[in-house]
2 protein chains.
Amino acid sequence: MFPVSSRSQYGIRALVYLARKQGHVATASEISSREGISAKYLEGILTTLSSAGLVLGERGKNGGMRLARDTSEITMRDIVQALDGQVRPVACVDAAGDCSQGGACLPRRFWLGLKSVIDEYLESHTLKDVSES
Amino acid sequence: MFPVSSRSQYGIRALVYLARKQGHVATASEISSREGISAKYLEGILTTLSSAGLVLGERGKNGGMRLARDTSEITMRDIVQALDGQVRPVACVDAAGDCSQGGACLPRRFWLGLKSVIDEYLESHTLKDVSES
DNA sequence: ATAATTCCTATCGGCTTAATAGGAATATAT
DNA sequence: ATATATTCCTATTAAGCCGATAGGAATTAT
């Protein structure tokens, strides 16, 4: 129950690895071999993190990836949201809010509360916390 | 991210329905038609809830399902655990604890904390809360 | 007996996801 | 310039999960 995708888990490990580099670059293949993650798969994950603005990708020879900002400025919510989207326990807890039961749906509040506690936990932990703990 | 299975969602709706019955029986087909849930599928869900001791199944004619205990004595964690197993964001956060990285796995604490906040939220909300909110 | 119900087992089709493949775009080094 | 190393883009595959269905066995009231 409440499984976290491999994508997010890999992404976090990669970012922890980059955090240790203190802002210096590391290539996708370096991270993949050190962390034991499929090279091509991780490559795509890092590209996604780059689109999300969490890392900077530098192309070409001697290129690689580096953190886009300080580890204390990257929350765990930023990461999992970039890789697996918003926290959404059930379909009806988003902007659309198209619960088939309308306002009469009793469990809705309960699910909204669950979304809140998860979001708050993720948001209150930064990459700095995780990479130094 | 963090989707809750249809099984758990259906199960909760069925239990809310039963809660309204104040301990009287309702058949699986009655609940399925009232709640718009696939009959046979819901049947299996209720059987599972029965094995878990949350409802009592009475076989035979005039049989049906009733809550096994008071709504305030059934936590939301009881329900989702019965239907979808333990809260387990990542594989390594259970008794086995076979993290390939061993004690050197940095994100482990983070995931354990996430598991805790989810467990605590689920445990602190009962069927009574949800069915009366 | 008959009817109505829970309970058990097996199966199917569709969706998601981890993983792979091939290459295009880009930048550096020589 | 050319070769090399890297990110970035698009498609495809293989496997697993999950919602749903099917058919019945066991049980109980009428």
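Note that the coordinates shown come from a computational prediction; the quantities given were computed from them, not determined experimentally. A, B, ... follow the sequence lines: proteins, then strands. Residue 1 opens every chain.
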Asks: Looking at S133(A) and V130(A), would you say the former's side chain and the latter's main chain have a donor-acceptor pair under 3.5 Å?
Replies: yes

Asks: Between S38(A) and dT20(C), is there a contact of a side-chain N or O with OP1 or OP2 at under 4.0 Å?
Replies: yes

Asks: Run the side chain to side chain contact (heavy atoms under 4.5 Å, CB included) test on L49(A) and L15(A) for me, step by step, so that the C-alpha distance in whole Å, both residues' side-chain angles and the decisive distance to 0.1 Å come before the verdict.
Replies: CA-CA 9 Å; L49(A) 291 173; L15(A) 290 176; 4.0 Å; yes

Asks: Whole Å only: how far is the CG atom of L83(A) from the P atom of dA19(C)?
Replies: 14 Å

Asks: What's the CG-P distance between L49(A) and dC9(D), to the nearest Å?
Replies: 13 Å

Asks: To the nearest Å, how far apart are M1(A) CE and dC17(D) P?
Replies: 15 Å

Asks: Could you tell me whether D78(A) and R69(A) make a salt bridge, using a distance below 4.0 angstrom between a side-chain N and a carboxylate O?
Replies: yes

Asks: Does any residue of residues 53-63 of chain A have a heavy atom under 4.0 Å from DNA chain C, and if so, which ones, in number order?
Replies: R59(A), G60(A), K61(A), N62(A)

Asks: Would you confirm whether R88(A), through its side chain, and M1(B), through its main-chain N or O, come within 3.5 Å as a donor-acceptor pair?
Replies: no

Asks: Walk me through whether Y121(B) and F110(A) qualify under ring pair (Phe, Tyr, Trp, His ring centres under 6.0 Å).
Replies: CA-CA 10 Å; Y121(B) 180 83; F110(A) 169 72; 5.4 Å; yes

Asks: Should the ring pair Y41(A) and Y10(A) be called parallel, tilted or perpendicular, given that the plane angle runs from 0 to 90° and is split at 30 and 60?
Replies: perpendicular

Asks: Between protein and nucleotides 9-13 of chain C, what N or O pairs are separated by less than 3.5 Å?
Replies:
none

Asks: May I have the distance from L18(B) (atom CG) to dT6(C) (atom P), rounded to whole angstrom?
Replies: 10 Å

Asks: Starting at the 5' end of DNA chain D and moving along, which residue's nearest nucleotide shows up first, S6(B) or K40(B)?
Replies: S6(B)

Asks: Run through T75(B), T71(B), L54(B) and flag the one making a side-chain contact (heavy atoms from CB on, under 4.5 Å) with L127(B).
Replies: T71(B)

Asks: Categorize S29(B) for me: base, sugar-phosphate, or nothing, with a 4.0 angstrom heavy-atom threshold over every strand shown.
Replies: nothing

Asks: Considering only heavy atoms from C-beta outward, does the side chain of R13(A) approach that of I37(A) to under 4.5 Å?
Replies: yes

Asks: Do any side-chain nitrogens or oxygens of Y10(A) fall under 4.0 Å of OP1 or OP2 in dA19(C)?
Replies: yes

Asks: Have a look at S51(B) and say if it touches a base, only the backbone sugar-phosphate, or nothing, with a 4.0 Å heavy-atom cut-off.
Replies: nothing

Asks: For G64(B) and for V4(A), find the nucleotide of DNA chain C with the closest heavy atom, then tell me which residue's nucleotide is more 5'.
Replies: G64(B)

Asks: Provide, to the nearest angstrom, the distance between the CZ atom belonging to R13(A) and the P atom belonging to dA18(C).
Replies: 13 Å

Asks: Which whole-number value in Å describes the distance from I45(B) CD1 to dT6(C) C1'?
Replies: 15 Å

Asks: Measure from OH on Y41(B) to P on dC8(C) and round the result to the nearest Å.
Replies: 17 Å

Asks: Between dT27(D) atom C1' and M65(B) atom CE, what is the distance in whole Å?
Replies: 13 Å

Asks: Which part of the nucleic acid does G44(B) contact within heavy-atom distance under 4.0 Å: base, sugar-phosphate only, or nothing?
Replies: nothing

Asks: What I want to find out is whether K115(B) reaches E120(B) closely enough, with some N-O distance under 4.0 Å, to be called a salt bridge.
Replies: no

Asks: Check K21(A) with E30(A), please: is the shortest side-chain N to carboxylate O separation under 4.0 Å?
Replies: yes

Asks: Considering every strand and a 4.0 Å limit on heavy-atom distances, what is the contact class for S50(B): base, sugar-phosphate, or nothing?
Replies: sugar-phosphate

